[in-house]
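Working notes, structure below.
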Amino acid sequence: EQHLIMGYVTRLETALFDLAQQYYQGEAKRVKSRKEFLNKSTHLILFIRHQYKCAFYSEMRHDQTAALQHYISAYNYLVEVQPSQSNSLEVRIIAGYINYKICRLCFRGGAPRDALTQFRKHIDQFKTIVHYQELAFEHCAWLAKQFSIFGDLFDEAVRAQGLNPVMAQHPGFYFKQASDYTMERRRLASKTCREASLAFAE
């Protein structure tokens, strides 16, 4: 009886998987068909959204190669957005999430060097973008989070794939950087609070 139940479950799983594949493939085609109506010079944000959706649907269909290509395209479009005081936080948050997806797929696809290259590019792109010095501590918190997340991904890849990390290409290096930025965040936050207190007292 247990054997029969497992057989039914397996057939049901297969049927549902096929239906899901067809659904996400249809959604991907629908999204891709809209791209021809977009103009990059005026619809850059929609280009990012379009590539992100294509990447998500590719992931749902277990097409990791296509998902990675679309996430990379979405990231490259995103860095073309000019950060401003009104959108810098949103851009950084979205960039951090897409960067996570790219690095994760690179590690899982057996391309750790690509993951390392992408992460360095990500940090170099956003490390110095601070529009309000009073909120520099928040930027340090974001940087600490980026290094911590990448360290986790790297550590997971080392354990799962038997990578042989060395020196700067070691998960511990990224955890150390996360710790340094966390300490800097604390220092800057304390400084901001002291300055605000003095200004209020005056």
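If you read the sequence from its start, that first residue is 1, and numbering goes on from there. Here the structure is a predicted model, which means the values were calculated and not measured.
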Practice task
Show the numbers, then the answer: is there a side chain to side chain contact (heavy atoms under 4.5 Å, CB included) between Val79 and Val91?
Solution key: CA-CA 8 Å; Val79 297; Val91 169; over 6 Å; no

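- When side chains are defined from C-beta on, Asp152 does not count as touching Glu156, because their heavy atoms never get closer than 4.5 Å.
- Taking all atoms of both residues into account, the shortest heavy-atom contact from Ala74 to Ile98 is CB-CD1, 4.1 Å.
- For the atom pair CG of Leu153 and CZ of Arg108, the computed distance is 8.5 Å after rounding to the nearest 0.5 Å.
- Side-chain N/O atoms of Gln118 and Asn99 include a donor and acceptor closer than 3.5 Å.
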Exercise for the section: Starting from the C-alpha separation in whole Å, work towards a yes-or-no answer on side chain to side chain contact (heavy atoms under 4.5 Å, CB included) for Tyr52 and Tyr97. Expected result: CA-CA 11 Å; Tyr52 181 85; Tyr97 186 72; 3.0 Å; yes

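- Within a 6.0 Å radius of CZ in Arg49, other residues, nucleotides and ligands contribute 12 heavy atoms or fewer.
- Side-chain atoms of Asn87 and Ser84 form a donor-acceptor pair, as typed in the model, at a separation below 3.5 Å.
- Every residue meeting the side chain to side chain donor-acceptor pair (under 3.5 Å) condition with Arg187, not counting sequence neighbours, appears here in chain and number order: Glu184.
- Cluster membership for Leu89 and Ile129, using ILVMFWY side-chain heavy atoms within less than 4.5 angstrom, is not shared.
- Checked against a 6.0 Å centroid threshold, the rings of His122 and Phe126 count as neighbours.
- Among Gln21, Lys29, Glu27, the one residue that satisfies the side-chain contact (heavy atoms from CB on, under 4.5 Å) test with Gln25 is Lys29.
- Annotation: Phe147 is not in aromatic contact with Phe173 [ring centroid separation under 6.0 Å not met].
- The aromatic rings of Phe56 and Tyr24 sit perpendicular, their planes meeting at an angle over 60°, well past the 30° parallel limit.
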Practice task
Mind running salt bridge (charged side-chain N to carboxylate O under 4.0 Å, His left out) on Glu134 and Lys191 for me, showing each step along the way?
Solution key: CA-CA 9 Å; Glu134 296 85 354; Lys191 177 184 176 184; over 6 Å; no

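- Taking all atoms of both residues into account, the shortest heavy-atom contact from His70 to Ser58 is CD2-OG, 3.8 Å.
- Classification of the His62-Phe17 ring pair by plane angle, with boundaries at 30° and 60°, yields tilted.
- Between Phe150 and the choices Phe175, Tyr100, Phe107, the ring pair (Phe, Tyr, Trp, His ring centres under 6.0 Å) rule is met once, by Phe107.
- Heavy-atom minimum distance, Tyr75 versus Ala95: CE1-O, 3.7 Å.
- When the salt bridge (Lys or Arg N to Asp or Glu O under 4.0 Å) test is applied to Arg104, the partners found at least two apart in sequence or on another chain are Glu59.
- In this structure, Trp142 and His139 have parallel ring planes: the angle between them is below the 30° cut-off, well short of the 60° mark.
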Practice task
Evaluate the criterion salt bridge (charged side-chain N to carboxylate O under 4.0 Å, His left out) for residue pair Asp155 and Arg159; output intermediate values, then yes/no.
Solution key: CA-CA 6 Å; Asp155 186 55; Arg159 296 173 186 274; 2.9 Å; yes

Practice task
Go through the steps for Leu116 and Phe154 under the test side chain to side chain contact (heavy atoms under 4.5 Å, CB included), then give the verdict.
Solution key: CA-CA 9 Å; Leu116 289 163; Phe154 199 170; 3.9 Å; yes

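- Of the possible donor and acceptor atoms, none in the side chain of Ser148 sits under 3.5 Å from a partner among the backbone N and O of Ala144.
- Annotation for Glu80: atom CD counts as buried by contact number, over 12 foreign heavy atoms lying within 6.0 Å.
- Once rounded to the nearest 0.5 Å, the distance linking CZ of Phe119 with SG of Cys106 reads 13.5 Å.
- Taking the side chain as every heavy atom from C-beta outward, Leu78 and Arg92 never approach each other to under 4.5 Å.
- Looking only at side-chain heavy atoms (C-beta outward), Tyr77 and Gln51 come within less than 4.5 Å of each other.
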Exercise for the section: Would you please test Cys140 and Thr182 for side chain to side chain contact (heavy atoms under 4.5 Å, CB included) and show each step? Expected result: CA-CA 7 Å; Cys140 284; Thr182 298; over 6 Å; no

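- Ion pairing of Lys176 with Asp180 is present here, as a side-chain N (NZ or NE/NH1/NH2) and a carboxylate O approach within less than 4.0 Å.
- Enclosure of atom CZ in Arg30 by more than 12 non-hydrogen atoms of other residues, nucleotides or ligands within 6.0 angstrom is indicated.
- Residues Leu44 and Val81 meet the side-chain proximity criterion, which asks for heavy atoms closer than 4.5 Å.
- For Gln133, the side chain to side chain donor-acceptor pair (under 3.5 Å) criterion is met by no residue, not counting sequence neighbours.
- In the displayed structure, Gln161 atom CD is contacted under 6.0 Å by more than 12 heavy atoms of other residues, nucleotides or ligands.
- Residues Ile123 and Leu143 come closest through the heavy atom pair CD1-CD2, 4.1 Å.
- To the nearest 0.5 Å, atom CG of residue Asp114 and atom CD1 of residue Ile102 are 10.5 Å apart.
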